[in-house]
Amino acid sequence: MPNYWLMKSEPDEVSIDDAIKAPKHTVAWTGVRNYQARNFMRDGMQVGDGVLFYHSSCPEPGIAGIARVASGTRPDPTQFDKTSPYYDAASKPDAPRWLLLDVQAVRKTRLLGLPELRDTPELADMVVLKRGNRLSITPVSEAHWKLITGTLLAGA
DNA sequence: GCCAACGTTGGC
DNA sequence: GCCAACGTTGGC
């Protein structure tokens, strides 16, 4: 049984359009530097899981597309790249601290913006809508997934 | 640019 | 192990 997730990306870095344009519509999800988010990738996420592709830190934050988990985890090479903003001097190649996995865009949707998400009572307990939430990867319930992908984004 | 909220660090 | 200081996230 598949699980569902919401993954935040800054569209200046990787947007849903970038993912769709990528080979096989697939991008390596670099830059996760939070243990809880890493553990979701390592322990919870399975190939085929559904992903809500969320644009954050941008003029119109919100869900911009549907994607799927396309690989298991492997070490994130940017942690060893001194020129990368994600470089982590404390992480050693023989004991990588940070992981990534591949995310494959399924389709771009209309922008389901944060105000609309907040205005939908059934979504009130979505983790990403909770006050102060900063996690870049959060689990999504099946009910929320169905409402968002099946109703709010139906045909859009 | 501001700031609330949260995670991490490091002294003790 | 506690907790203050600090850095980051992310909406506005």
Side-chain angles (χ1 to χ4, degrees), chain A residues 3-22 26-45 49-69 73-141 143-145 147-149 151-153 156:
Chain A
N3 291 308
Y4 306 100
W5 310 91
L6 181 144
M7 300 178 80
K8 294 180 188 173
S9 181
E10 300 189 14
D12 283 352
E13 286 200 38
V14 182
S15 68
I16 185 70
D17 291 311
D18 295 330
I20 292 206
K21 278 185 295 192
T26 299
V27 291
W29 207 266
T30 57
V32 172
R33 295 293 181 272
N34 169 282
Y35 289 105
Q36 206 177 339
R38 180 203 67 183
N39 293 348
F40 280 139
M41 290 197 291
R42 186 188 62 194
D43 306 330
M45 298 171 83
D49 283 0
V51 172
L52 300 172
F53 197 113
Y54 183 95
H55 285 175
S56 70
S57 295
C58 59
E60 284 194 291
I63 295 166
I66 308 296
R68 63 188 284 277
V69 175
T73 54
R74 61 183 181 278
D76 179 347
T78 64
Q79 69 196 300
F80 306 123
D81 177 0
K82 289 185 178 172
T83 69
S84 167
Y86 300 119
Y87 177 66
D88 182 353
S91 182
K92 301 300 167 196
D94 58 350
R97 178 176 297 183
W98 304 114
L99 305 171
L100 58 69
L101 46 67
D102 292 328
V103 173
Q104 180 177 43
V106 173
R107 64 185 176 100
K108 183 180 181 177
T109 64
R110 76 178 176 89
L111 198 281
L112 178 50
L114 191 52
E116 187 175 352
L117 293 170
R118 292 200 188 283
D119 276 350
T120 306
E122 299 90 334
L123 299 178
D125 54 343
M126 270 190 92
V127 179
V128 75
L129 301 182
K130 301 270 189 193
R131 224 166 79 104
N133 166 74
R134 301 187 318 175
L135 255 189
S136 64
I137 300 175
T138 51
V140 172
S141 74
H144 290 161
W145 173 267
L147 179 65
I148 289 168
T149 63
T151 305
L152 297 176
L153 293 175

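Quantities reported herein were computed from a predicted structural model and do not represent experimental measurements. Just the heavy atoms: all of them, side chains too, but no hydrogens, waters or symmetry mates, feed the values below.
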K.L.:
Mind jotting down which residue pairs meet the ring pair (Phe, Tyr, Trp, His ring centres under 6.0 Å) criterion with at least one end in residues 100-129 of chain A? Sequence neighbours excluded, please.
P.N.:
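Residue pairs with at least one partner in residues 100-129 of chain A: there are none.
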K.L.:
Write out all pairs satisfying ring pair (Phe, Tyr, Trp, His ring centres under 6.0 Å) with one or both partners inside residues 76-95 of chain A, taking only residues at least two apart or from two chains.
P.N.:
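Qualifying pairs, neighbours excluded: none.
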K.L.:
Determine the minimum heavy-atom distance between A:T120 and A:L147, stating which atoms define it.
P.N.:
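Looks like CG2-CD2, 4.1 Å.
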K.L.:
Under the side-chain contact (heavy atoms from CB on, under 4.5 Å) test, which residues partner A:S56, sequence neighbours left out?
P.N.:
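Scan of A:S56 (side-chain contact (heavy atoms from CB on, under 4.5 Å), adjacent residues dropped) gives A:K8, A:E10, A:Y54.
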K.L.:
Can you name the closest pair of heavy atoms from A:L6 and A:V140 and give their distance?
P.N.:
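Answer, listing the atom of A:L6 first, then A:V140: N-CG2, 3.5 Å.
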K.L.:
Do any of residues 81-101 of chain A sit with a heavy atom less than 4.0 Å from DNA chain B, and if so which?
P.N.:
none
K.L.:
On DNA chain B, which is the earliest and which the latest nucleotide, 5' to 3', with an atom closer than 4.0 Å to a heavy atom of chain A?
P.N.:
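Nucleotide range with atoms under 4.0 Å of chain A: B:dA5 to B:dT8.
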K.L.:
Output the residues of residues 114-141 of chain A in contact with DNA chain B, where contact means a heavy atom of the residue under 4.0 Å from an atom of the strand; sort by number or write none.
P.N.:
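Only A:R131, A:G132, A:R134 qualify.
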K.L.:
Got a sec, which residues hit salt bridge (Lys or Arg N to Asp or Glu O under 4.0 Å) with A:R118, two or more places apart in sequence or on another chain?
P.N.:
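So A:R118 forms no salt bridge (Lys or Arg N to Asp or Glu O under 4.0 Å) with any residue.
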K.L.:
Which ones in residues 50-59 of chain A lie close to DNA chain C, meaning a heavy atom under 4.0 Å from one of its atoms?
P.N.:
A:Y54, A:S56, A:S57
K.L.:
Taking CD in A:E60 as the centre, count heavy atoms belonging to other residues, nucleotides or ligands within less than 6.0 Å. Is the count above 12?
P.N.:
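Check fails, neighbour count at 12 or below.
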K.L.:
Tell me every residue that passes salt bridge (Lys or Arg N to Asp or Glu O under 4.0 Å) with A:R33, counting only those two or more places apart in sequence or in another chain.
P.N.:
A:D76
K.L.:
Which word best sums up how the rings of A:W145 and A:Y4 line up, parallel for under 30°, tilted for 30 to 60°, or perpendicular for over 60°?
P.N.:
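Geometry flag for A:Y4 against A:W145: parallel rings.
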K.L.:
Quick one: list whatever passes salt bridge (Lys or Arg N to Asp or Glu O under 4.0 Å) with A:R107, sequence neighbours left out.
P.N.:
none
K.L.:
Considering residues at least two apart in sequence or located in another chain, which fulfil the side-chain contact (heavy atoms from CB on, under 4.5 Å) criterion with A:L101?
P.N.:
A:M7, A:M41, A:M45, A:V69, A:S71, A:T73, A:V103
K.L.:
Taking only residues two or more places apart in sequence, or in another chain, which ones meet A:D125 in a salt bridge (Lys or Arg N to Asp or Glu O under 4.0 Å)?
P.N.:
none
